[in-house]
Structure formats: C-alpha cells, structure tokens
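Following: one structure in structure tokens, then a few remarks.
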2 protein chains.
Amino acid sequence: MGDRKPQRDAQRTRAAILDAARDAFSSRGYAAAGLREITAAAGVNPALVSRYFGSKEKLFEAALAELLDGAVLTRGPRETFGEAVVALLTDHTAARRNPLPMMLFAGADPGARAIVQRLLEELTLAPLADWLGPVEGRSRAARFAALASGLTVYRAIYPLTELASPLDPAARAWFAATFQSLVD
Amino acid sequence: MGDRKPQRDAQRTRAAILDAARDAFSSRGYAAAGLREITAAAGVNPALVSRYFGSKEKLFEAALAELLDGAVLTRGPRETFGEAVVALLTDHTAARRNPLPMMLFAGADPGARAIVQRLLEELTLAPLADWLGPVEGRSRAARFAALASGLTVYRAIYPLTELASPLDPAARAWFAATFQSLVD
DNA sequence: AGTTTATGTAAACCATCGTTTACTTAATTG
DNA sequence: CAATTAAGTAAACGATGGTTTACATAAACT
C-alpha cells in the first residue's frame with residue numbers, strides 16, 4: 001500500500017499552525033486570537049509556536065506574507081480591472097485568501113501594525129504602483145488600498161447587509177466603476 | 001475674586017476620563033488602551049471608571065456616542081457634499097472629532113464591535129440614508145461608510161504619505177468626486 | 001540494537017488587565 | 001461645629017496570555 005505518513009512531521013505541523021493562525025487572525029484579530037486557541041485548532045501544543053516561529057509576531061508575519069504573496073492584482077487586462085477586483089474581494093470561495101481582514105484587524109497592536117505596513121508596501125503597493133504607471137501610480141495605488149479596505153471593513157468586520165454576499169447589484173456596479181476609475 | 005473651583009468635582013472628573021478615553025481609544029484601540037493608562041492621563045484613579053461608567057465597555061460606548069453625535073454630515077448643500085466630507089475627514093484641526101479611528105480600531109473586540117454597530121446604525125447610517133433619499137439610500141449610505149473608512153484607515157492607522165496631511169491634490173479631487181457620486 | 005536527534009507535551013512563570021473591596025478625605029448638611 | 005454624604009485612593013483578586021523550562025517519545029542514524 002501507500003507509504004504510511006509518520007506521526008510526527010515538522011513541515012505538516014508548521015503548516016497546520018500557519019493555517020489556524022490565518023483563520024484566527026482574520027476572524028478575531030491579532031490581539032484577540034490567543035496562541036492557545038490557535039494551537040488547539042491545529043491540534044498541537046502552544047510551545048511549538050516558539051520553536052517554529054519564535055514569537056506570536058513572527059507567526060503573524062509568516063501568515064500574512066503567505067496571503068499577500070498569493071494575491072496578485074496585476075495579472076488581468078486593464079479594461080476589466082474594476083470588475084476583477086470586486087470579484088476577488090467579494091467571491092466567497094476566495095474569502096480565506098483575502099488578506100485584508102487580517103490586516104485591518106491588526107491595526108491596534110503596534111508590533112503587528114509595523115509588520116503590516118512593511119509587507120503591504122513591499123508585496124502589494126510597490127508592484128501595484130509600478131503596474132499603474134508613472135503618472136500618479138503611487139497615489140492611485142493608495143486610493144486602491146483605501147477603497148478595497150473600506151469595502152472589506154463593512155463586509156468582514158462590521159457587516160452591512162447591502163455590502164454582504166451577494167453584494168447589492170447597485171453597490172457592486174458602483175465599486176467596479178470606482179475601482180476602474182483608478183486605471184483609466 | 002472669582003469663585004475658587006473645588007478640588008473635587010464629579011462632572012469635571014467624568015469629562016476628563018471621557019476625553020482621555022477618546023484619545024486613547026482613537027490612537028491605540030479599544031483592547032490596547034488600558035484603564036490604568038486612560039485614568040493616569042486624566043489624573044485620577046482607575047477605580048473611578050467603575051463608579052462613573054460601570055465598565056470599560058460602557059466607557060467606550062459613552063465616548064463613541066459623544067463623537068458620533070457631533071459629526072453631522074447632512075447639514076450642507078448637496079452640490080458640495082463630496083468636498084465637504086473630504087474636508088471633514090482630512091482637516092487636521094477636526095482630527096480629534098473624527099470617530100472613525102476609534103470605530104476601526106475597535107473591530108477586534110466582540111463587545112466593542114457590537115456597540116459600534118449599534119451606534120453607527122442609529123446615529124449615522126439611518127440619518128444619512130434618509131437624507132440620501134428613498135432610491136438606494138441605504139446602499140449609498142453603506143458605500144459612503146466604506147469609502148470614508150478606507151480613507152481613514154490609510155491616514156490614521158497605516159499612514160500612507162499620499163493620503164496623509166496635506167492630502168495629495170489628485171487624491172483629494174478623486175475622493176471628493178467619488179463621494180459626490182453618491183448623491184448625484 | 002542502541003544511541004542520538006528531532007518532535008511534541010505538560011506545567012509553571014511572569015506580566016498585564018478589568019474589577020472589587022476597604023479605606024481616606026473633602027464637601028455638604030442639620 | 002458635628003455628622004453625614006460624596007469623591008477619590010490604594011491595594012489586592014481572579015483571570016488571561018505569551019513564553020520558558022523540564023521532561024517524554026517518535027524517528028533517524030551508526
């Protein structure tokens with residue numbers, strides 16, 4: 001038969017902690033998500049966070065970097081940028097891959113905030129500004145971040161029925177057009 | 001001479017705690033702002049929070065209600081709504097009167113979040129939806145909240161130079177036009 | 001097989017925080 | 001002025017959380 005998987009596997013354990021951390025940080029926030037809760041969800045001992053990541057902050061950084069790396073905004077055609085972004089932010093099958101709840105929830109903690117600022121700049125704003133072009137690229141990337149964050153706030157943190165799933169059609173069209181206005 | 005102010009004054013003490021709480025909640029967030037820190041800034045003993053407000057949550061509610069009550073959006077003419085909102089959100093002299101940092105920072109705590117949702121609905125969204133009119137009034141009020149929150153996030157929590165004070169002129173024009181698109 | 005290393009656990013440590021209790025002191029009242 | 005009430009303080013309580021330490025056991029190596 002197939003090879004029996006060993007009872008102990010550092011890589012698998014590390015990934016399980018990372019997954020549980022992403023879920024907890026996204027739904028309860030950095031400060032409110034306890035390491036005992038995260039490691040219980042992963043089925044391991046809290047002490048392993050120190051071994052594999054060094055600290056709660058480092059765990060947060062690893063989980064966020066993984067999410068931000070996968071969220072590529074600059075792949076599609078420019079003509080449908082607005083609609084593509086709205087789909088990315090409101091498609092419920094991609095909800096676990098949306099890094100914004102985790103980022104917005106972490107703002108209250110100084111250490112986590114510094115990590116978010118650095119990773120956001122390196123992994124999202126800088127590439128996006130490049131893609132948007134030399135004319136106001138930075139400024140338009142900043143507006144993009146603001147609009148995307150605002151939409152996420154009232155979907156994931158303070159849910160408003162008009163912005164929940166499925167997104168109100170008028171609101172959806174408005175957001176798509178407004179995102180699109182950043183590239184035209 | 002004028003009457004000597006007494007050394008003990010319940011009203012003054014209560015107001016001092018409320019002011020310190022608003023500042024701390026707005027700059028450090030609900031969970032991170034400790035009662036010892038708040039009462040120290042007000043020059044009083046932590047036990048007075050229990051006496052005057054009952055609990056940390058009630059203190060938060062009182063401080064937020066005071067801020068939301070003062071932020072009236074529906075006073076000016078409709079033609080200049082967009083520019084007026086941008087001025088309200090970016091004028092640094094009104095920074096202490098902007099309730100959004102306090103609200104956005106509180107999202108991680110379940111108790112504080114429930115308070116924000118209720119007060120936001122009663123004191124801001126419902127009146128604004130009325131003012132925006134029966135056609136998509138609720139939906140447009142929700143979009144307003146999203147856009148205003150997004151702008152505040154990258155001014156007060158994750159400051160981006162393009163959205164800091166003074167607001168980049170192109171960004172300012174874009175935000176004003178986008179806010180205005182919610183009333184036209 | 002026996003030894004060593006890697007992986008995981010249990011329990012305690014130490015700090016912080018919201019809250020309560022017991023006590024002090026200023027202001028008010030009769 | 002004496003007595004009562006209002007206002008404020010100091011210190012401890014109970015709970016929680018991140019981290020560390022000491023120990024157990026599975027896997028890998030010679």
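Proteins get letters first, then strands, A, B, ... in listed order; numbering begins at 1 in each.
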Requested in this report: Measure from the side-chain N and O atoms of A:R140 to the backbone N and O of A:V135, and report whether any donor-acceptor pair falls under 3.5 Å.
Outcome: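 Yes: the side chain of A:R140 pairs with the backbone of A:V135.
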Requested in this report: Spell out, as yes or no, whether a donor-acceptor pair under 3.5 Å connects the side chain of B:Q180 to the backbone of B:R78.
Outcome: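 Confirmed, B:Q180 side chain pairs with B:R78 backbone.
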Query raised in the report: For the atom pair OH (A:Y154) and CG (A:L160), what is the distance rounded to the nearest 0.5 Å?
Result: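 It comes to 7.0 Å.
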Query raised in the report: Tell me, do A:L48 and A:R14 make a side-chain contact under 4.5 Å, heavy atoms counted?
Result: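 No, too far: nothing below the 4.5 Å cut-off.
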Query raised in the report: For DNA chain D, what residues of residues 41-53 of chain A have any heavy atom nearer than 4.0 Å?
Result: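 Under 4.0 Å from DNA chain D: A:A47, A:S50.
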Query raised in the report: Hey, can you pull the residues of residues 29-38 of chain A with a non-hydrogen atom under 4.0 angstrom from DNA chain D?
Result: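 A:A33, A:G34, A:L35, A:R36 - these, ordered by number, are the residues of the stretch whose heavy atoms sit under 4.0 Å from the strand.
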Requested in this report: Starting from the 5' end of DNA chain C, give me the residue, B:R8 or B:K56, whose nearest nucleotide shows up first.
Outcome: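 Result: B:K56.
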[X] has an atom [atom1]; how far is it from atom [atom2] of [N], in whole Å?
| X | N | atom1 | atom2 | answer |
| --- | --- | --- | --- | --- |
| B:Q7 | D:dA6 | CD | C1' | 14 Å |
| A:R12 | D:dA27 | CZ | P | 11 Å |
| A:D9 | D:dT25 | CG | C1' | 16 Å |

Query raised in the report: Is it true that B:F144 and B:F179 have ring centroids separated by less than 6.0 Å?
Result: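 For B:F144 and B:F179, the ring centres are under 6.0 Å apart.
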Query raised in the report: Does atom CZ of B:R118 have more than 12 heavy-atom neighbours, drawn from other residues, nucleotides or ligands, at distances under 6.0 Å?
Result: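 Enclosed.
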Report task. Mind listing the closest non-hydrogen atom pair of B:A141 and B:L125 along with its distance? Result ->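 Taking every non-hydrogen atom into account, O-CD2, 3.7 Å.
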Requested in this report: Taking all heavy atoms of A:G107 and all of B:I157, pick out the closest pair and write down the distance.
Outcome: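 Closest approach of A:G107 to B:I157: CA-CG2, 3.8 Å.
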